[in-house]
Amino acid sequence: MAYIAVFERSEAQALDLFGWFGSKETPPTPSAQSLPYVVTFAVEGDAKAVEQTLKDTSGLYRLRNEPPAEGDSLARRAQADFGPLLDALWGLGYYNATLSFDVAGTALTLGEDPGRAARAANAYRARDVVPIAVRVQTGPLFALRAIATNDAQTRLPFTAQELPPKVVGLSAGDPARSADLRAAQARMVDHFRAQSRPLAKAVSIDPIVFHPQRIMDVAFAIAPGPVAPIGPITVTGAETVDPAVIRSFVYAEQGDPYSPKAIADMRKSVGRIQALGSVRIREAETLDANGQLPVFVEVTERKPRVVGFSARYSTIDGPALHGYWEHRNLFGGAERLRLESDIFLAPRNDGTRIKRFDDIEPSDIGGRFKASFLKPALYGTRNDLLIDGTLERDRTGGDRFGGYTSRFADLTGFIRHRFSDTFSVQGGLQVQKGQTSDVLGQVDYLVVGTPVSVTYDSTDKPLDPSRGMRLTASVVPYPTFFGSTVGMTVSKASASAYYSLDEDSRYILAGRIGFGSIVGASLEDIPANFRFFAGGGGSVRGFRYQSIGPQGPFGFVVGGRSLLEGSLEARIKVTDTIGIVPFVDAGGAFDSGFPDFEDKMRFSAGLGLRYYTAIGPIRLDVAAPLDRRPGDKPVSIYVSIGQAF
């Protein structure tokens with residue numbers, strides 16, 4: 001929805017260049033019933049620093065498209081601006097600023113009877129818009145001289161150890177802006193709260209302005225409050241979801257040191273429960289009898305059932321349909337049951353293409369059905385039960401690089417233990433029975449494995465991280481004594497890191513590396529859907545999906561027993577909503593069980609465009625192979641929601 005709104009706004013602005021639509025800068029037409037007016041700002045002094053702030057503050061300017069009926073109302077509207085505009089000028093550090101209005105050629109000053117200005121405005125009725133000029137002389141910018149930070153209880157100044165100067169962030173000679181003073185006050189309170197003082201609060205800011213000297217002395221009074229740990233944690237608002245489940249997602253315990261980060265982490269972790277709609281963490285205003293701070297987790301619940309449907313079309317892969325049904329609170333313990341299915345045209349791996357509807361054969365239809373069940377917080381612990389079942393028929397390839405056909409049924413069951421909101425370990429059992437075929441032949445297989453995996457995620461945002469790292473690693477042995485027809489061990493790992501170069505995260509470096517390995521079986525015995533391939537939007541952009549890897553007969557890519565790939569991006573925000581992302585990708589799949597680089601790595605580079613919305617960035621990447629092969633396209637385009645990794 002955000003994208004559509006921006007498009008409509010841009011289109012309207014473009015049309016308005018030709019005068020087809022109204023504009024806020026064009027006043028209404030004069031009439032006998034109202035007095036439209038136009039406002040200009042005449043600023044002597046530092047105009048660049050103050051003009052936009054004055055426009056944002058002025059009620060007269062904001063209401064310019066709602067003209068009053070008579071001159072008296074217009075003059076009083078202007079007169080009502082004196083207080084807010086002077087406050088804005090003082091807030092910017094211009095304490096000697098002067099302000100007046102010129103209404104229809106008549107001066108209007110602070111405290112003056114608006115009658116003359118009203119009569120001058122009425123003379124414009126039904127013949128022209130009323131000109132109003134806001135005349136400002138900023139005067140010099142005032143500077144800070146003395147800065148005091150005192151304990152509001154003892155009235156003694158804080159030492160540098162108690163309140164480091166870098167936290168205050170103000171020095172003699174800095175501009176005496178009220179916004180900077182309020183920001184410094186907030187930093188001081190945050191500093192003490194981070195020192196496990198939850199009741200820290202700002203008491204006062206006392207500025208003394210010396211107009212002749214153009215300086216200000218300021219004293220801050222802060223009440224740091226006592227050091228206190230987290231107290232009892234109470235869950236409220238849950239109607240059908242078991243509060244014990246919600247409590248299991250709170251990783252702080254009674255007696256732990258208090259910090260704003262602990263409270264923020266609490267909100268974030270509880271918010272992961274899909275049965276909940278909103279989460280609010282409320283802190284008590286006073287300590288309890290044990291000197292601890294009670295904390296209340298207040299939640300609301302979402303509607304339990306949801307249905308979704310989507311359709312897509314690709315010039316390479318053709319149409320596809322996706323649908324799902326989900327219950328978010330099946331038995332009252334935030335259990336999630338999700339059923340989803342996909343139907344799509346599977347690309348032909350013999351090189352022929354579907355050009356008309358009549359060309360479609362039953363074998364061209366691919367499909368996937370998946371059922372997943374999550375039971376969080378078994379018996380109120382941090383252990384979760386996950387069960388997944390999948391039925392799939394797929395076919396990859398569709399060009400000179402070949403591909404494979406696969407059919408399988410898969411069932412997995414896991415127990416996941418959450419150590420914290422960022423770190424978890426899971427282990428379980430997997431059974432998969434299927435058949436794959438490619439140029440190496442057909443493999444009918446049954447594998448029974450015991451997958452073990454770890455996950456670590458300290459990033460700040462799932463779709464657009466600016467700091468932190470993600471790490472996932474898994475090992476799945478499929479031993480023959482469990483009944484597997486292919487004895488092998490499959491290992492996978494991926495890691496990505498994000499580093500913000502500035503405080504506002506307008507410049508971010510992001511890197512990713514992926515690794516895979518299969519040992520214990522020859523390439524021909526490994527089912528094709530287990531082998532490793534590189535290439536595509538989530539791998540090496542610019543190369544076709546799964547087109548990089550060892551080759552078999554006819555030069556077809558048959559996949560490898562190991563994988564190594566990586567990406568590096570510079571994410572640069574040009575504006576608050578537009579960004580560019582230059583990137584390089586590299587990757588390769590190898591015949592050996594571990595990357596040995598006997599098979600060539602492939603490299604690509606490109607430039608991405610990002611449009612940032614409330615739910616995440618809309619991504620458009622244009623990538624080109626740096627070492628093109630016959631059949632590779634010069635460039636490839638990828639569009640999706642969220643960053644590439």
Side-chain angles (χ1 to χ4, degrees), residues 1-92 94 97-138 575-578 614:
M1 294 301 292
Y3 178 78
I4 294 173
V6 169
F7 176 80
E8 289 177 347
R9 180 174 181 268
S10 301
E11 182 180 50
Q13 288 178 331
L15 294 175
D16 193 59
L17 294 174
F18 298 93
W20 295 351
F21 287 77
S23 168
K24 287 186 177 181
E25 302 307 322
T26 302
T29 304
S31 70
Q33 290 75 35
S34 63
L35 284 176
Y37 60 91
V38 62
V39 183
T40 58
F41 290 82
V43 181
E44 293 184 19
D46 196 351
K48 184 177 180 181
V50 306
E51 184 169 341
Q52 188 58 50
T53 300
L54 295 177
K55 288 182 178 180
D56 294 340
T57 306
S58 170
L60 184 70
Y61 183 77
R62 185 173 60 254
L63 298 173
R64 62 193 183 279
N65 286 323
E66 303 174 19
E70 72 285 325
D72 184 64
S73 296
L74 179 57
R76 293 187 184 281
R77 184 181 288 186
Q79 200 169 45
D81 257 359
F82 274 108
L85 292 185
L86 284 173
D87 284 345
L89 289 165
W90 294 346
L92 293 171
Y94 298 98
T98 60
L99 172 68
S100 66
F101 288 83
D102 186 310
V103 180
T106 301
L108 178 63
T109 58
L110 182 64
E112 182 181 350
D113 186 344
R116 284 194 321 118
R119 290 190 292 273
N122 279 327
Y124 279 75
R125 183 179 301 280
R127 67 181 183 88
D128 203 353
V129 297
V130 180
I132 301 179
V134 183
R135 304 192 182 280
V136 177
Q137 289 184 336
T138 64
T575 69
D576 288 339
T577 57
I578 301 296

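If you're wondering where the values come from, they're calculated on a predicted model, not measured in any experiment.
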Any side-chain donor near an acceptor of the partner, Arg119 and Asn122, under 3.5 Å: no
pair Val134-Leu85: side-chain heavy atoms closer than 4.5 Å: yes
Which atom of Phe41 lies closest to which atom of Leu54, heavy atoms considered: CE2-CB, 3.8 Å
Spatial distance of atom CG (Leu92) from atom OG1 (Thr138) [nearest 0.5 Å]: 10.0 Å
From Thr106 atom OG1 to Ile132 atom CD1, the distance as rounded to the nearest 0.5 Å: 11.0 Å
Distance-minimising heavy-atom pair for Ala88 and Thr57: CB-OG1, 3.8 Å
Throw together a table of side-chain donor-acceptor distances under 3.5 angstrom for residues 75-82, partners on residues two or more places apart or in other chains.
from: Arg76; atom 1: NE; to: Asp72; atom 2: OD1; distance (Å): 3.4
from: Arg76; atom 1: NE; to: Asp72; atom 2: OD2; distance (Å): 3.2
from: Arg77; atom 1: NH1; to: Tyr37; atom 2: OH; distance (Å): 2.9
from: Arg77; atom 1: NH1; to: Leu63; atom 2: O; distance (Å): 3.2
from: Arg77; atom 1: NH1; to: Glu66; atom 2: O; distance (Å): 3.1
from: Arg77; atom 1: NH2; to: Glu66; atom 2: O; distance (Å): 3.1
from: Gln79; atom 1: NE2; to: Glu112; atom 2: O; distance (Å): 2.6
from: Asp81; atom 1: OD1; to: Gly59; atom 2: N; distance (Å): 2.9
from: Asp81; atom 1: OD2; to: Ser58; atom 2: OG; distance (Å): 2.5
from: Asp81; atom 1: OD2; to: Leu60; atom 2: N; distance (Å): 3.3

Rounded distance (nearest 0.5 Å) linking atom CG of Asp113 with atom CG of Leu108: 9.5 Å
Exceeds 12 heavy-atom contacts within 6.0 angstrom, atom CG of Asp576: no
Ala32 versus Ala126, closest heavy-atom pair with distance: N-CB, 4.0 Å
Heavy-atom closest pair, residues Pro68 and Leu74: CG-CB, 3.6 Å
Those residues that, when tested against Glu44, pass salt bridge (Lys or Arg N to Asp or Glu O under 4.0 Å) (two or more places apart): none
Working for side chain to side chain contact (heavy atoms under 4.5 Å, CB included), residues Arg125 and Leu35: CA-CA 6 Å; Arg125 183 179 301 280; Leu35 284 176; 3.9 Å; yes
